[in-house]
There are 2 protein chains.
Amino acid sequence: MSEPGPRWLSADERAAWLALLSTTTLLPGALEAPLQQAAKLSLFDYNVLAMLSEAPTGALPMSELAARTSASLSRLSHVAKKLQARGLVKRAIHADDARVTSTTITGEGLALVGKIAPVHVESVRKLVFDRLDERDVADLARIGRKLMRGMDANHWILRTPAP
Amino acid sequence: MSEPGPRWLSADERAAWLALLSTTTLLPGALEAPLQQAAKLSLFDYNVLAMLSEAPTGALPMSELAARTSASLSRLSHVAKKLQARGLVKRAIHADDARVTSTTITGEGLALVGKIAPVHVESVRKLVFDRLDERDVADLARIGRKLMRGMDANHWILRTPAP
DNA sequence: TGCATTTAGTTGACGTGTCAAGTAAAAAGC
DNA sequence: GCTTTTTACTTGACACGTCAACTAAATGCA
């Protein structure tokens, strides 16, 4: 019985792979720079605040917030502590289940998101959507969701059906 | 609770954006786990060694290596120091230009890459290419290259013409 | 009821990435 | 030929992400 040899990448796959790898390497930093400059927020910080601001009550349990930001609970906990120190969120033990921490965006936090959301959307447009046509956008969503399925079949973004 | 901003994303764009953001967040960690387990190497470490091993002479200047790994010179310098301490690369001042540091992969480094390359290719396949059909691969390369053009028009991967 | 297990989150230590500052060599300007 | 600028890195400090260990509440189950 011989081991099957490594399934090396074809030339086309390699091209796609290099493009994907360099994109995942550079895109986060490129998106973060304007946020850092405008409000001393990391991309992840912004995302946490954005997810809270989009929640109907402005509050979410840590686990749910972690799911929506693709973060570990540990990472989120450190960041929530930092954001709380800046007065952008507050945390409280949930009434029905004392294990749950409910994180709420404050008025100050909402004001900050409101102020920098246009800045952020503008850089997302500039770096991503201004370069893509309608077909690209559909392809990107399709491929991105396929990849997510492989990494986390129950991920939050897959709860929403494909457009 | 979200504030409308200028040039806001459409529903389709938002779906693509969430898929892209979560992919860039989760993919690097997912690819790194097997490397970490097999050889205590980060994804970036591996990439540095892989790029050197693919160079005809097994050596590249720091700047070129930084370009091919999408890294800052600073980041690469720290990592090269670490890899040198592990005996996987060596560094030497270039003969023709004393400003240039030529980084060379050692025999030990080559042996390690040879050993774990199959492991890495397998996880790239499992996480990415096994989930994508031919059309997806072509779309991914096209979109990835478009995004790279926006972030760094002179990036290394764009030197190669599209397939 | 009592004890083990699971769930939810926090914490501290450690490694890594980033940024600002520094070094040294080469090229450009005059 | 002498100075200024640019290029090619290196370094140290700090911030962040991860991992392992921990706390505490809820649930399972016997």
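The chains referred to below are lettered A, B, ... by the order of the sequence lines, with proteins before strands, and numbering in each begins at 1.
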Checklist entry - Hey, is A/K115 close enough to A/E108 for a salt bridge, meaning N to O under 4.0 Å? => result no
Item to check | Flag side-chain contact, heavy atom, 4.5 Å: B/L43 against B/H120 | outcome: yes
Checklist entry - Could B/E32 and B/K40 be called an ion pair, given the rule that one side-chain N must be under 4.0 Å from one carboxylate O? => result no
Checklist entry - Any side-chain heavy atom of B/L88 within less than 4.5 Å of one from B/L49? => result yes
Checklist entry - Just by protein heavy atoms under 4.0 Å, how would nucleotides 10-19 of chain C read 5' to 3' in B, S and -? => result BBB---SSBB
Checklist entry - Just how far, in rounded Å, is P of C/dT23 from CD1 of B/I93? => result 16 Å
Checklist outcome for this item: All heavy atoms of A/S53 vs all of A/A50, minimum pair found to be OG-O, 2.8 Å
Checklist outcome for this item: The first and last nucleotides of DNA chain D lying within contact of chain B, meaning any atom under 4.0 Å from one of its heavy atoms, run from D/dT7 to D/dG12
Checklist entry - Going by atom types only, do B/S22 and A/H155 share a side-chain donor-acceptor pair under 3.5 Å? => result no
Next on the checklist: Before you tell me yes or no, could you show the steps for A/R125 and B/W8 under side-chain contact (heavy atoms from CB on, under 4.5 Å), namely the whole-Å CA-CA distance, both residues' side-chain angles and the distance that decides it to 0.1 Å?
Outcome noted: CA-CA 9 Å; A/R125 283 222 165 275; B/W8 205 253; over 6 Å; no
Checklist entry - How about A/D45 and A/K82: do any of their side-chain heavy atoms sit closer than 4.5 Å? => result yes
Item to check | Residue mapping more 5' on DNA chain D - nearest nucleotide basis, A/D97 or B/P61 | outcome: B/P61
